[in-house]
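Before any comments, here is the structure.
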Amino acid sequence: MAKPKVLIFAPREEPPETFQKLEGAGCELAFGEPAWQMPRGQHEDALVAAAREATALMGTSIRMTPITRRVMEASQRLRIVAKYTVGVDDVDVEAASELGILVCHAPTEANCFGVAETTMTVMLALLKKVRERDAAVRAGKWRENELATTFIGSRADGYAGITVGLVGLGRIGTRVAQLLAPWRVRILAYDPYIEPARFLLANATPVDYETLLRESDVVSFHVVLTKETRGMLSDAELALMKPSAIVINTARGKIIDEPALARALAADRIRGAAIDAFAEEPLPGDSPLRKLGDKILMSPHAASFNDGEGGELRPGIAWATRSVLTALAGKVPDNVYNRDVIARWKERFGEASAIG
């Protein structure tokens with residue numbers, strides 16, 4: 001029997017034990033080119049060629065050369081696409097399900113909780129005017145009226161505190177709610193796909209999307225990119241928000257209509273925004289978001305980007321490796337994203353091991 005081929009389509013500092021485990025199980029390893037991850041490239045043909053006869057694909061995000069239907073159709077042996085990260089918008093999940101292929105992701109604490117920590121950081125930076133106060137001191141100014149900020153939590157004198165609206169109450173949204181707990185704010189959440197108990201555990205009031213937009217002082221997005229979430233904040237939705245509200249997006253860029261957001265900020269229809277993920281990355285030089293000054297705080301899609309042993313990807317790499325080895329052994333991994341495919345996958349591969 002030929003060795004199962006594992007294509008690491010987007011390598012990213014895998015520890016030696018990753019390769020040792022895969023090769024120790026009898027796998028043949030192949031590696032993607034760094035250029036496939038670079039902006040504005042056209043490398044689908046090369047990825048298709050590399051994926052030919054692969055039994056498993058694994059790697060980090062590869063939005064510039066995504067895992068398309070054509071890539072997955074290159075091998076009739078392909079069982080699994082395993083991501084090191086939580087997002088799967090660079091994989092054609094619908095096609096994978098039709099083809100009977102598992103898509104696995106890695107919603108690890110290092111990744112998800114890093115995003116939650118960044119969400120808290122940018123919220124405080126905006127509401128407490130951290131940049132503006134620093135710039136004022138450097139410019140020789142002191143305690144000017146425009147440096148007054150928002151008091152966040154409720155107080156004994158009857159001040160109710162702010163309302164934070166979480167769009168999506170999965171692992172990241174729930175972690176943000178947990179981090180907000182000591183601040184004594186009101187938390188609203190919109191998520192039609194989770195069980196009611198999750199709202200209770202997060203101390204969040206379930207509301208519809210329009211209510212969340214109308215009543216929140218902070219609207220923070222924590223959803224995956226799907227047909228339903230693409231462009232879910234545009235002109236009509238921004239018009240519902242308070243003029244004093246801020247928007248935070250540490251999820252996916254295409255969730256927000258960036259030109260609409262820029263118009264709303266420029267016209268003072270909302271107060272500010274913090275954006276970590278953009279529709280096109282790196283952010284183009286002519287993006288209207290670049291012209292908004294301190295009304296927007298921007299980050300290079302790095303909300304979960306941490307260094308050292310506590311970095312974002314190592315736990316995800318380990319999880320993806322386990323998922324690949326489990327699938328090659330004919331078993332279902334514990335982190336399948338497209339769970340609707342499992343029954344069909346079992347019919348194709350269940351109990352049939354591709355490794356020794």
Side-chain angles (χ1 to χ4, degrees), residues 8-15 18 31-41 58-67 82-91 104-126 130-131 166-168 170-176 178-180 220-225 246-256 258 273-285 287 289-290 296-321 335 337:
I8 302 178
F9 54 80
R12 182 72 67 79
E13 301 174 3
E14 291 83 355
T18 297
F31 298 90
E33 297 293 334
W36 298 354
Q37 302 177 54
M38 300 303 291
R40 303 175 185 92
M58 60 183 283
T60 188
S61 295
I62 190 169
R63 295 182 188 88
M64 304 308 166
T65 310
I67 308 300
K83 294 286 303 296
Y84 300 165
T85 56
V86 63
V88 294
D89 50 290
D90 51 359
V91 180
C104 294
H105 63 159
T108 64
E109 289 189 353
N111 191 313
C112 295
F113 290 7
V115 175
E117 290 174 356
T118 294
T119 299
M120 291 292 296
T121 300
V122 296
M123 183 187 78
L124 293 172
L126 286 173
V130 174
R131 293 173 301 163
L166 302 176
V167 184
R171 287 171 64 90
I172 297 173
T174 298
R175 181 60 172 175
V176 172
Q178 291 170 344
L179 294 175
L180 283 168
S220 189
F221 288 88
H222 304 288
V223 295
V224 296
L225 182 63
I246 65 172
V247 169
I248 299 173
N249 183 16
T250 53
R252 288 292 183 265
K254 293 178 182 179
I255 290 166
I256 289 179
E258 290 176 0
I275 307 297
D276 178 63
F278 301 90
E280 183 178 352
E281 297 177 349
L283 184 66
S287 169
L289 298 178
R290 292 184 178 273
I296 188 166
L297 179 62
M298 297 186 287
S299 172
H301 206 144
S304 63
F305 189 25
N306 301 295
D307 59 12
E309 290 298 315
E312 60 168 323
L313 287 181
R314 182 163 290 222
I317 292 169
W319 202 349
T321 303
N335 58 334
Y337 180 82

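Atom set for the values below is all heavy atoms of this structure, side chains included, hydrogens, waters and symmetry mates excluded.
- Note that CG of Asn335 is 5.0 Å distant from CH2 of Trp319, once rounded to the nearest 0.5 Å.
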Discussion item. Under the criterion side chain to side chain contact (heavy atoms under 4.5 Å, CB included), I'd like the reasoning laid out for Thr108 against Arg314: C-alpha separation, chi angles, the key distance, then a yes or no.
Written reply: CA-CA 10 Å; Thr108 64; Arg314 182 163 290 222; over 6 Å; no

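- At least one side-chain heavy atom of Asp90 sits less than 4.5 Å from a side-chain heavy atom of Lys83.
- Considering only heavy atoms from C-beta on, Thr321 stays 4.5 Å or farther from Glu14 through its side chain.
- Considering only residues two or more places apart in sequence or on other chains, Glu109 meets the salt bridge (charged side-chain N to carboxylate O under 4.0 Å, His left out) condition with none of them.
- The two residues Ala10 and Tyr84 come nearest to each other via the heavy atoms O-CE1, 4.2 Å.
- Among the candidates Leu313, Thr118, Ile172, Val115, the single residue satisfying the side-chain contact (heavy atoms from CB on, under 4.5 Å) test with Ser304 is Val115.
- Side-chain contact check for Met120 versus Ser220: every heavy-atom pair is 4.5 Å or farther apart.
- Residues Pro107 and Val86 approach most closely at CB-CG2, 3.8 Å, considering heavy atoms.
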With a cut-off of 3.5 Å and sequence neighbours excluded, list every side-chain donor-acceptor pair involving residues 58-66.
unit_1, atom_1, unit_2, atom_2, d
Ser61, OG, Thr85, OG1, 3.4
Arg63, NE, Asp89, OD2, 3.3
Thr65, OG1, Trp36, O, 2.7

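- Once rounded to the nearest 0.5 Å, the distance linking NE2 of His222 with CZ of Arg252 reads 13.0 Å.
- For the side chain to side chain contact (heavy atoms under 4.5 Å, CB included) test, residues two or more places apart in sequence or in another chain that qualify with Ser299 are Asp276, Ala302.
- The CD1 atom of Ile8 lies 7.5 Å from the OG1 atom of Thr18; values are rounded to the nearest 0.5 Å.
- Remark: His105 engages Tyr337 in a ring-ring contact (aromatic ring centres under 6.0 Å, His included) (not counting sequence neighbours).
- Ala106 and Gly316 get closest at one heavy-atom pair: CB-CA, 3.7 Å.
- One finds the CD1 atom of Ile296 at 4.5 Å from the CG atom of Leu289 (value rounded to the nearest 0.5 Å).
- Partners of Ala274 by side chain to side chain contact (heavy atoms under 4.5 Å, CB included), not counting sequence neighbours, listed by chain and number: Val122, Leu126, Ile248, Leu297.
- Between Val223 and Gly168, the shortest heavy-atom distance links the atoms CG1-CA, 3.7 Å.
- The shortest distance between side-chain heavy atoms of Met123 and Leu180 falls below 4.5 Å.
- For the side chain to side chain contact (heavy atoms under 4.5 Å, CB included) test, residues two or more places apart in sequence or in another chain that qualify with Ala277 are Glu281, His301.
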